[in-house]
Enquirer: 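Mind looking over this structure? Questions follow.
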Amino acid sequence: MLNGERKTPQPLRWAMVGGGRLGQVGYKHRCGALRDNTAFALVAGAFDIVPERGREFGVNLGVDADRCYDDYRTLFAQEARREDGIEVVSVATPNGTHYQITRAALLAGLHVICEKPLFFTSREAYEIKALAAEKNRIVGVTYGFSGHPLLLQMRAMVANGQIGEVRMVDLQYTHGFNATDEVDRLSDAQKWRIDPQISGPSFVLGDISTHTYYLSQLVMPQMQISELLCDRQSFIPSRAPLEDNALVMMRYANGAVGRMWASSVNAGAMSSQRIRIVGSKASLEWTDINPSELSYQVQGQPNQTLYRGMPYLDETCNAWERLGALHTEGLTESWANIYLKFALAIDACNRGDRQALDQLVYPDIDAGIDGVRWIENCVRSADQGARWVAFE
Ligand code: NAI
């Protein structure tokens, strides 16, 4: 169980690029990183594409005015000159900027925590992995839902055979906020999401299904997709060539099959993610709208609900428990958990503790690469008229 006590020598000197006043995801990063006050300290930033607004915002967050910079290049250059310069930066900007900012940060000797989808191509992602290895720095990816402790309970139960052989995987991340084109006209954050120059080769596949795909990998690390078929469409025609809805079927190397539904036009839907793993003996099901409960359904027996924070859960799950059973946890705690993992990874990397780094389960550069590969394969299948393609 976590209690906020320090787990690393001192708070890491941390900066943000993006995540400014009007940014959607920036506050989630700060909720996660600053939750314990012992893992990260926000000391600098280039928070906004509009420098003046970014500076004012940074000051309001408590950052010294002279460490609120006009752009990320100035941030990295000026901080490198300080003895107390930043050690790690989070990138919370639109997709099309991730690669160049991450690359510049690694070249400046910084650890990087970057938003998903990591980059546009796996070629870029492998290049950044090599650069990070050369610089001995970590690149973490903010799959922000992956810190919910019950996902580690699912992982343990799949691993120790409590559902038998995995046969079917049912994944869903859908919402209805883009059911009409009104939001495309009103929201800046939506405008770039449907512009391939900024969003990349996909909309909902990258924007939301990468989260659920990573959750499936977290829960079943042994499962590899061998082939997939993706059908993607844009119900609002002006979003083409990017999709606002996608259906994917997967075949796994062990003979299991799966499906993913990603959609931003699931009108009226107010629950977003669902992951159901069907085994030969039993099934497990979890939703992010109700993250404190895990459904365990053994064939022929009454269904069970496993509750967060209870002593009957696996120790790998309860190690990330914060508030205790009955006391509601949610997305903030999930982000706090992944940020704590980033801090532990950075500390292990700095100490050259390869063993600790290898044992830590967190969304690392490989998870980011896999998300990019997932998008690439889905798009390749869809663009061939929804054909089965080998997963490359
Ligand atoms: P947004 O458009 O709402 O905010 C982007 C922020 O970055 C704004 O503050 C903007 O001023 C700033 N910005 C843009 N370019 C910049 C630059 N070159 N230098 C400094 N600041 C810059 O975008 P949103 O929705 O916050 O998404 C940002 C990223 O986070 C995307 O990659 C998106 O996919 C991801 N995201 C992840 C979520 C998660 O749960 N992990 C949730 C929402 C978004």
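Please read these numbers as outputs of a predicted model, since none were measured by experiment. Each ligand, and each atom within it, is numbered from 1 in the order the structure gives. The residues of the chain are indexed from 1 along the displayed sequence.
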Enquirer: According to side chain to side chain donor-acceptor pair (under 3.5 Å), who are the partners of W374, at least two apart in sequence or on a separate chain?
Expert: S209
Enquirer: Regarding T74 and D71, do their side chains bring together a donor and an acceptor under 3.5 Å, going by distance alone?
Expert: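 On atom types as modelled, these side chains qualify, holding a pair under 3.5 Å.
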Enquirer: Pick from R308, R35, R322: which one makes a salt bridge (Lys or Arg N to Asp or Glu O under 4.0 Å) with E333?
Expert: R35
Enquirer: Using the side-chain hydrogen bond (donor to acceptor under 3.5 Å, both in side chains) rule, take D170 and W261 through it: C-alpha gap first, then chi angles, then the decisive distance, then the call.
Expert: CA-CA 9 Å; D170 192 6; W261 179 25; over 6 Å; no
Enquirer: Who's touching ligand 1 if we go heavy atoms under 4.0 Å?
Expert: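 Close residues (ligand 1, cut-off 4.0 Å): V17, G18, G19, G20, L22, G23, Q24, V25, A46, F47, D48, I49, A92, T93, P94, N95, H98, E115, K116, P117, T142, A189, W192, R193, D207, H211, W335.
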Enquirer: Looking at CD of E79 and CD of E87, how far apart are the two atoms once the value is rounded to the nearest 0.5 Å?
Expert: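 These two atoms lie 10.5 Å from each other.
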Enquirer: Under 6.0 Å between ring centres: does that hold for F120 and Y99?
Expert: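 F120 vs Y99: aromatic centres not under 6.0 Å.
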